[in-house]
There are 2 protein chains.
Amino acid sequence: MTVNALKRQPLYAQVKQVLRQRMAEGEWRAHDALPSEWDLAGELGASQGTVRKALTELVADGLLYREQGRGTFVAPVPSDWGESSLLTPGLFQEQPDELAREFLGLSRLNASEDIAAALKLRRLAPLWRVRLLWRWHAAPVALDDVLLPAETFDTLDARWLRSSEGVHATLQQRFGVRLKVVCEQFRAEMLPREEASLLGVTGMVADVPALCLLRLSAGMDGQPLEWRQRYCLTHQLAYTVKHD
Amino acid sequence: MTVNALKRQPLYAQVKQVLRQRMAEGEWRAHDALPSEWDLAGELGASQGTVRKALTELVADGLLYREQGRGTFVAPVPSDWGESSLLTPGLFQEQPDELAREFLGLSRLNASEDIAAALKLRRLAPLWRVRLLWRWHAAPVALDDVLLPAETFDTLDARWLRSSEGVHATLQQRFGVRLKVVCEQFRAEMLPREEASLLGVTGMVADVPALCLLRLSAGMDGQPLEWRQRYCLTHQLAYTVKHD
DNA sequence: AAGTGGTCTAGACCACCTA
DNA sequence: AGGTGGTCTAGACCACTTA
């Protein structure tokens with residue numbers, strides 16, 4: 001077995017791990033085809049059935065997709081917005097394709113107690129803080145604070161974020177880490193002053209309700225790696241979550 | 001094969017269907033053990049591997065759970081609140097166990113265009129409308145409008161709802177239908193007058209932001225069967241969604 | 001010790017896509 | 001026609017639970 005260096009893990013889990021690593025190393029790009037089940041079985045020293053089980057789970061994890069008769073392919077990087085989408089007030093129908101992301105800045109701060117606990121860090125651990133503004137047809141609709149453990153991503157560079165497809169794409173390309181959403185929490189609040197000004201909500205109509213979203217994301221191994229807080233204006237758009 | 005009456009479906013899907021039906025008919029109660037994989041394979045005329053695949057998917061669907069060395073068991077009915085929970089302002093830690101449901105009434109109305117489309121009904125199709133109030137430590141925190149296709153659930157009786165574990169439990173017990181959440185949509189709004197009064201938000205402080213939640217649920221076959229609209233007060237509690 | 005679910009294999013056949 | 005994923009089988013061994 002070529003994969004037996006890892007111990008006490010089922011063979012299919014080792015196959016998953018090897019494939020995840022080879023994907024992170026950039027062996028294939030999005031929509032590239034993987035070798036067939038039989039070829040992988042030969043390469044990795046497992047049976048075709050075991051490789052199938054690993055591939056099935058990687059599809060469930062969102063890393064791959066399959067097409068009957070054609071092959072198994074690398075799934076594209078998910079957008080920062082995650083599995084969720086912004087939609088118009090109509091019920092679920094329309095696409096959020098006009099959504100644009102604007103990078104506002106990168107700074108450092110120390111973790112509050114709550115956030116340190118959520119990210120499983122010690123108190124006051126150093127964090128990166130990325131601020132993003134989302135626009136829909138040019139109008140600001142949401143503002144993000146993205147907090148990342150600075151020791152894990154110590155070489156993070158603002159230039160990467162300014163020019164990339166997004167924070168999640170940068171983490172995947174520069175650090176080989178793929179995020180999945182663990183938990184989201186929703187509140188309705190009156191929009192605070194600072195966020196109101198960044199979202200272009202001006203003086204007299206300052207009493208605007210906002211959807212306040214907290215989101216914890218983790219790597220595929222379950223390690224929490226991103227804390228994100230978002231204020232959304234929902235006059236024109238609603239925030240939707242699809243299940244399964 | 002005892003299950004081959006259905007055609008052109010993979011054998012494991014037929015096994016799933018048979019087991020779902022037997023569960024809906026009340027052959028087992030929550031936490032009862034199913035027969036072993038080998039016994040089911042014998043009963044149903046499939047191999048143990050095929051039965052395993054069916055059981056694995058039913059576990060993924062949330063209908064069953066398994067324990068190594070002990071057996072396969074029927075999962076309990078999910079609460080109306082669904083996979084989601086109400087939590088205190090602390091980040092994700094606490095349990096929503098003090099949540100109580102109060103049945104306010106059952107009435108009939110005709111579907112609006114939006115809702116008819118979401119439920120895949122014709123315009124003005126008759127609907128049941130169930131109103132529910134949620135309390136947390138006695139204080140009202142959320143108000144539900146539940147819309148159900150009246151022709152599908154024509155014998156629905158208010159007495160069932162008043163005395164049961166909830167709408168979803170009633171539908172499962174009386175109609176053999178199990179719901180799963182398809183899609184949820186979130187907005188922040190100022191609380192409308194009628195809802196404010198039902199939630200006990202009194203006169204002068206009437207300008208309260210509320211979390212407005214729309215939810216579409218479907219049977220396990222994908223047929224949309226429930227439309228639910230909820231206003232949540234999020235001063236004390238936030239609404240959370242867990243993924244995977 | 002017996003029974004259960006969990007993993008793994010080898011081989012077969014089918015449905016679908018591409019060339 | 002040949003390659004791919006999708007289904008199905010039969011048999012083996014392991015890890016865990018229960019009595």
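In what follows, chains carry the letters A, B, and so on, assigned in the order in which the sequence lines appear, proteins first and then strands, with residues in each chain numbered from 1.
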Pairs: protein N or O with nucleotides 2-6 of chain C N or O, under 3.5 Å:
residue: dG3(C); atom: N2; partner: G69(B); partner atom: O; Å: 3.1
residue: dG5(C); atom: OP1; partner: T72(B); partner atom: OG1; Å: 2.9
residue: dG5(C); atom: OP2; partner: E37(B); partner atom: N; Å: 3.1
residue: dG5(C); atom: N2; partner: Q68(B); partner atom: OE1; Å: 3.4
residue: dG6(C); atom: OP2; partner: R52(B); partner atom: NH1; Å: 3.2
residue: dG6(C); atom: OP2; partner: R66(B); partner atom: NH1; Å: 3.0
residue: dG6(C); atom: N7; partner: R52(B); partner atom: NH2; Å: 3.0

_Listing request: all salt bridge (Lys or Arg N to Asp or Glu O under 4.0 Å) pairs with a residue in residues 26-35 of chain B, at least two apart in sequence or in separate chains._
R22(B)-E27(B)
*Could you state the CD-P distance from Q9(B) to dA15(C), rounded to the nearest angstrom?*
14 Å
*Identify, with sequence neighbours excluded, every residue that meets salt bridge (Lys or Arg N to Asp or Glu O under 4.0 Å) alongside R135(A).*
E102(A)
*Is the shortest side-chain N/O distance from T50(A) to OP1 or OP2 of dT9(C) below 4.0 Å?*
yes
*Partners passing ring pair (Phe, Tyr, Trp, His ring centres under 6.0 Å) against F153(B) (at least two apart in sequence or in another chain)*: F175(B)
*Which residues share a salt bridge (Lys or Arg N to Asp or Glu O under 4.0 Å) with E165(B), sequence neighbours left out*: none
*By salt bridge (Lys or Arg N to Asp or Glu O under 4.0 Å) - contacts of R52(A) (at least two apart)*: E37(A)
*Atom OH of Y65(A) to atom P of dG5(D): distance rounded to whole Å?*
13 Å
